Protein chains: 2
Amino acid sequence: MKGSNLGEFEELVMLAIGVLYPDAYGVAIKDEIIARAGRSVTLSAVHASLHRLEEKGFLQSEFGEASQKRGGKRKKNFYITAFGAKTLEEVKSLREQMWGDIGKVALQGN
Amino acid sequence: MKGSNLGEFEELVMLAIGVLYPDAYGVAIKDEIIARAGRSVTLSAVHASLHRLEEKGFLQSEFGEASQKRGGKRKKNFYITAFGAKTLEEVKSLREQMWGDIGKVALQGN
DNA sequence: ACATAAAATTCTACTTTGTAGATAAAACAC
DNA sequence: GTGTTTTATCTACAAAGTAGAATTTTATGT
């Protein structure tokens, strides 16, 4: 009974899009996540995620103009929808509340 | 090449354990998440997650004492390990940084 | 124009997480 | 013992995460 939830990586992708706005496309998103999270990410992982996020209505996309660079396909730029922003803020708020209710001792495990 | 990452639901479970410390066991965790996130959660979903989190070293567990004049199996109480706490704080910090770099406009999509 | 290289997206296949429902175990009351 | 309550475990499948290969589109050199 789900498909309305935001996976861990999906959330990272959304945040990267927010940071890169309005120039968020596959490669840039991949590089942004690698730089920020310091973890290896493949382009196909990002694209699979982007596709699912768009299907769920969290994102929207449009092809950009042909660039002045060496060659290559047109970039597909992604934007966060109002629904996506709302969802993103909800999970943020939930975590903040929970963190606020966590005592120091709870994190001192061995 | 992974098994060292924290899934979306897994993170929620960890936070709930932090909040409930030192009385975090299956049922209580399930109820805490339902109350906080307002989403339906089954006990088996929580236990599957707990099991995986323990395997990954994020959690530790021990069976509680019996005889609280109650009935039922002994509770299995979960605690966050130092490694788990570190991981939890890392993802928190990463998201905070990204949120800090997101412009207002980026979230005003249609 | 044609061949080649570059930049990007899409496809295919597999692993790990997420989810639900059914089953089993342990403690209590009688 | 039998039955009831509370909890954990098992089985099976769907969704999200991941990697590598293949494909498409655009630009440049000749």
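Note that the structure is a prediction, hence the values are computed from the model and not measured. By convention in this document, chain letters (A, B, ...) are assigned in the order of the sequence lines, proteins followed by strands, and residues within each chain are numbered from 1.
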Practice task
Examine B:Phe83 together with B:Phe58 and report whether their ring centres are nearer than 6.0 Å.
Solution key: yes
Practice task
Ignoring backbone atoms, establish whether A:Arg52 has a side-chain N or O less than 4.0 Å from OP1 or OP2 of D:dG17.
Solution key: no
Handout entry: Gap between atoms CD and C1', on A:Glu54 and D:dA16 respectively (whole Å)
Key = 17 Å
Handout entry: Phosphate OP1/OP2 of D:dA8: any B:His47 side-chain N/O under 4.0 Å
Key = yes
N/O to N/O distances under 3.5 Å, protein versus nucleotides 20-22 of chain D:
| from | atom 1 | to | atom 2 | distance (Å) |
| --- | --- | --- | --- | --- |
| D:dG20 | N7 | A:Ser44 | OG | 3.3 |
| D:dG20 | O6 | A:Ser44 | OG | 2.8 |

Exercise for the section: Round to the nearest Å and state the distance from B:Asn5 atom CG to D:dA19 atom P. Expected result: 10 Å
Handout entry: Residues which pass salt bridge (charged side-chain N to carboxylate O under 4.0 Å, His left out) with A:Lys73, listed by chain and number, not counting sequence neighbours
Key = none
Practice task
Please tell me which of the listed nucleotides, D:dT18, C:dG18, D:dT9, lies nearest to the side chain of A:Phe9?
Solution key: D:dT18
Problem - Nearest-angstrom distance from the residue atom NZ of B:Lys75 to C1' of C:dA25 - result: 17 Å
Handout entry: N or O in side chain of B:Tyr25 less than 4.0 angstrom from D:dA8 OP1/OP2
Key = no
Handout entry: Distance in angstrom units between B:Lys73 NZ and D:dT4 C1', rounded
Key = 16 Å
Problem - Short side-chain N/O contact from A:Lys56 to OP1 or OP2 of D:dA15, under 4.0 Å - result: no
Handout entry: Presence of salt bridge, B:Glu8 and B:Arg39, under 4.0 angstrom
Key = yes
Problem - Presence of A:Arg74 side-chain N/O under 4.0 Å of C:dT9 phosphate oxygens OP1/OP2 - result: no
Handout entry: Approximate separation, where rounding is to 0.5 Å, of B:Lys76 NZ and B:Tyr25 OH
Key = 14.5 Å
Practice task
Give a yes or no on whether a salt bridge exists between A:Arg95 and A:Glu11, defined as a side-chain N under 4.0 angstrom from a carboxylate O.
Solution key: yes
Problem - Lys/Arg N to Asp/Glu carboxylate O, A:Asp31 vs A:Arg36, below 4.0 Å - result: no
Handout entry: Closest to the A:Lys76 side chain, choosing from C:dT19, C:dA8, C:dT10
Key = C:dT10
